[in-house]
Amino acid sequence: MAKDNSFDIASKVDLEEVSNAVQQTMKEVRQRFDFKGSESDVKLEKSELVLVSDDEYKLNALIEILQQKLVKRKVPLKALSYGKIESALGATLRQRVGIQQGIPTEKTKEIVRFIRDTKLKVKSTIQGDSVRVSSRDRDTLQDIIALLKEKDFGIDIQFTNYRSQ
C-alpha cells in the first residue's frame, strides 16, 4: 500500500510572545524622555492590541517601538492589521491592531487555487482556518512548500504538522 504524506498550511501567532512584547514596549515607553508625562499605553485584549497616545507623533513612535519588540520576539508583522486612528477620552488617540489567528476563508481558497494551478500531483483541502496538502511523493510536497514561500499572499503562513504515513 502506498504511503501518504501531508502537511498543514496555518497562520498562528503566539499570544504569549505578543504579551511579552507589549510588556517590553511599556517598559521602554516609561523610560523614554519623549514620552514623559504622556498618556501612552498598549494593551492586549483577546486577539487585538489597543494603542493609546496623546498625539499622532507619539502614536507612531509607540507603533515603531512595539514593532521592534515584536520582531525581536519573532512575531511576524504580517499578522497585524492596523485599524483607523480614532479619538479617545481625555484628548487622546486610539488605534486598534488586529492579530491574525488562522487563515481567512478567502485566503484559504486563494491558496488552494494556487496549488491547483501548479499542476503538481497533490491534494489540498480546506480544514477550517488551515489548508492540508497531501501527496504520495515527499519531493512534490517540498516543491509546493518552495512555491508557496515564493508567492506573497499578504498574510503570514507557517508549514506545520508534516506527516509521513
Check: Same cluster or not: are Val50 and Val29 linked, directly or through other Ile, Leu, Val, Met, Phe, Trp or Tyr residues, by side-chain heavy atoms under 4.5 angstrom apart?
Finding: no

Check: Is there side-chain contact between Ser124 and Val133, with heavy atoms separated by less than 4.5 Å?
Finding: yes

Margin query: Less than 4.5 Å apart, side chain to side chain, heavy atoms only: is that true for Asp14 and Lys74?
Written below: no

Item checked: pair Glu28-Lys69: side-chain heavy atoms closer than 4.5 Å -> yes

Check: Taking C-beta and beyond as the side chain, do Val18 and Leu70 meet within less than 4.5 Å on heavy atoms?
Finding: yes

Notebook entry, point to check: Taking the side chain as C-beta and beyond, is there a heavy-atom pair between Gln95 and Ile63 under 4.5 Å?
Noted result: yes

Item checked: Verify same cluster id: Val75, Ile157 (apolar side-chain graph, 4.5 Å) -> no

Next item on the list: Classify the side-chain pair Gln101/Ser47 by whether it contains a donor and acceptor separated by less than 3.5 Å.
Entry: no

Check: Do Ile155 and Val97 sit in the same hydrophobic cluster, where Ile, Leu, Val, Met, Phe, Trp and Tyr count as joined when their side-chain heavy atoms come under 4.5 Å apart?
Finding: no

Check: Taking the six-membered ring for Trp, are Phe159 and Phe7 parallel (under 30°), tilted (30 to 60°) or perpendicular (over 60°)?
Finding: perpendicular

Next item on the list: Without swapping roles, check the side chain of Ser19 against the backbone of Leu15 for a donor-acceptor pair under 3.5 Å.
Entry: no

Check: Do other residues, nucleotides or ligands put more than 12 heavy atoms under 6.0 Å from Lys149 NZ?
Finding: no

Check: Is Val22 close to Leu66 at the side-chain level, that is, under 4.5 Å between some pair of heavy atoms?
Finding: yes

Note to self: I'd like to know if the side chain of Gln158 and the backbone of Lys12 have a donor-acceptor N/O pair within less than 3.5 Å.
What the structure shows: yes

Check: Under 4.5 Å between side-chain heavy atoms, hopping through other hydrophobics if needed: is there a path connecting Tyr57 to Val52?
Finding: no

Notebook entry, point to check: Less than 4.5 Å apart, any side-chain heavy atom of Ile65 and any of Phe35?
Noted result: yes

Next item on the list: Following the transitive rule for hydrophobic clusters with a side-chain heavy-atom cut-off under 4.5 Å over Ile, Leu, Val, Met, Phe, Trp and Tyr, establish whether Val13 and Ile111 coincide in one cluster.
Entry: no

Next item on the list: Answer yes or no: is there a side-chain heavy-atom contact under 4.5 Å between Ile126 and Lys109?
Entry: yes

Note to self: Please determine whether side chain to side chain contact (heavy atoms under 4.5 Å, CB included) holds for the pair Leu44 and Ile99, giving the CA-CA distance in whole Å, both sets of side-chain angles, and the decisive distance to 0.1 Å.
What the structure shows: CA-CA 10 Å; Leu44 177 63; Ile99 301 171; 3.8 Å; yes

Item checked: Thr140 to Lys121 - nearest heavy-atom pair and separation -> CG2-O, 4.1 Å

